[in-house]
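Since the structure comes first, as structure tokens, the remarks are kept for the end.
Because the structure is predicted, anything quoted here is derived from the model rather than measured. Just follow the structure's listing: the first ligand is 1, and inside any ligand the first atom is 1.
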Amino acid sequence: MNLFSFTANFTDEQSCRLHFKEERDKQGVSCKRCSGKDHYWLKGKWSYQCKSCKFRTSLRSGTIMEHSKLSFLIWYKTMFLMTATKKGFSSKEIQRQLGLKRYEPVWAMVHKLRKAMGERDDRYTLEGMVEADEGYFTIEASAQEHRTQKAGRGSKTKRNVMVMAESTPLEDLENKTKSTQCGYFKAKVLTNHKVDGVNETIQEYLEERSIVFTDKSTSYVDISDFVELHITEKSSKETTKETLKWVHIFISNAKRNFLGNYHKIKGKYLQLYLNEFVYKLNRRYFGEKIFDRLIIANITASGN
Ligand SMILES: [Zn+2]
């Protein structure tokens, strides 16, 4: 979807609603009262009616748009803006671009979309050979927290993020050169005690048959319990460039992106910004289809 096809397809509220209905029909509607799947469409009411219990489901109900007062057109424009560039937009910028008076509803909409992106990616686990390492992301902190912070780990002005990347070796036998190709990524803010947090993250987001590469950090002592093989390497310049190449590229790109787009991020929202960054990165070859995929994520997300 580029700007020209977007404006040609979505001229008004009606065209967005019709498109959303079409996509929702493909995913199927489930009745909140009786879980029935068969519905009539009540055209004048923009609602579905359950064939067995007559319960009505509005076009928005059960999607992340459920409690939003913003129009379908505004949601569509926002989904377009969020997927149109790799870079992304802040809520402030989206508010400005759409000429909306109030900031809060825009902020809520954008965060719901980021949440839906994360849920979509959480349906998949990483597999094969996986690089894993932590990045320390700067977050907004009070002046007091800045004064009393400890450097590095456990700092109040930074959050620990576990970054994982599928990394397939490509061996060029003729030139005897080795390189890796990256697949899907994950980035999760670690909230609880160090080793526990790492263990939970590895267990939840990696296939049991994976082979994991990390440095020799003590937080990684249990990783081998959850995967096929855990290979550690002492941190060095070569590790950063080769064994853990993709996670390091991810960390520096994500940090640069956040700094350029959002200025300051509160710790409790960092995961949402990571969701968007990872979602788009994982769909980097989708081209213009990424817009349609985000609409599906909107429909199938757990909502509110
Ligand atoms: Zn029903």
Side-chain angles (χ1 to χ4, degrees), residues 1 5-6 9-83 91 94 98 100 102 104-125 184 186 188 203-205 268-269 271-272 275-276 278-280 282-283 286 288-304:
M1 190 69 48
S5 51
F6 180 84
N9 280 306
F10 304 109
T11 47
D12 53 12
E13 181 69 4
Q14 176 91 350
S15 45
C16 297
R17 284 185 182 210
L18 287 172
H19 180 266
F20 194 76
K21 179 184 179 292
E22 218 172 275
E23 291 299 318
R24 201 168 174 192
D25 288 346
K26 283 185 213 161
Q27 302 301 319
V29 177
S30 179
C31 173
K32 273 188 187 172
R33 192 192 278 162
C34 77
S35 307
K37 304 279 184 251
D38 293 328
H39 290 81
Y40 300 105
W41 175 244
L42 304 175
K43 208 175 169 191
K45 304 222 177 318
W46 287 99
S47 292
Y48 297 93
Q49 183 163 328
C50 178
K51 282 187 183 176
S52 34
C53 80
K54 306 277 181 277
F55 184 79
R56 283 184 191 173
T57 304
S58 75
L59 190 54
R60 286 169 185 260
S61 174
T63 74
I64 60 168
M65 298 161 72
E66 182 161 350
H67 298 297
S68 169
K69 288 194 173 64
L70 297 170
S71 68
F72 279 78
L73 185 57
I74 291 293
W75 275 85
Y76 265 60
K77 284 180 176 173
T78 302
M79 290 189 277
F80 170 72
L81 285 174
M82 286 177 84
T83 53
S91 308
I94 288 173
L98 301 184
L100 295 169
R102 292 184 58 222
E104 289 73 18
V106 178
W107 182 88
M109 166 174 59
V110 171
H111 271 2
K112 278 181 183 170
L113 285 163
R114 289 182 180 133
K115 189 165 166 266
M117 290 178 184
E119 278 184 24
R120 199 71 203 177
D121 270 336
D122 283 349
R123 293 178 172 214
Y124 313 102
T125 43
Y184 292 107
K186 285 199 185 286
K188 296 288 171 187
Q203 211 173 354
E204 193 167 348
Y205 299 110
K268 60 177 169 178
Y269 300 125
Q271 186 62 58
L272 292 169
N275 286 355
E276 182 182 346
V278 173
Y279 182 88
K280 290 199 270 188
N282 283 345
R283 287 157 188 78
F286 279 32
E288 295 175 1
K289 282 202 192 83
I290 191 167
F291 174 76
D292 301 302
R293 298 304 172 98
L294 183 54
I295 289 174
I296 296 171
N298 178 339
I299 295 167
T300 56
S302 67
N304 317 280

Within-4.5 Å side-chain heavy-atom neighbours: Ser68 and Arg60: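 Of all side-chain heavy-atom pairs linking Arg60 with Ser68, at least one is under 4.5 Å.
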
Student check: side-chain heavy atoms of Arg33 and Cys50 closer than 4.5 Å: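 They are not in contact (no side-chain heavy atoms under 4.5 Å apart), so the answer is no.
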
Lys/Arg-Asp/Glu bridge criterion (N-O < 4.0 Å) met for Lys280, Glu276: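 Looking at Glu276 together with Lys280, the answer is yes, because their closest N to O distance falls below 4.0 Å.
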
2.8 Å shell around the Zn ion (ligand 1), exclusive bound, protein N/O/S atoms: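 That number is 4, waters not included.
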
Result of checking Arg283, Lys186, Arg293 against Asp121 for salt bridge (Lys or Arg N to Asp or Glu O under 4.0 Å):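 That would be Arg283.
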
Ring geometry between Phe10 and Phe291 (parallel below 30°, tilted from 30 to 60°, perpendicular above 60°):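 If you compare the ring of Phe291 with that of Phe10, the planes turn out tilted.
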
Gap separating the CD1 atom of Ile64 from the NE2 atom of His111, nearest 0.5 angstrom: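 Interatomic distance, Ile64 CD1 to His111 NE2, rounded to 0.5 Å: 12.5 Å.
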
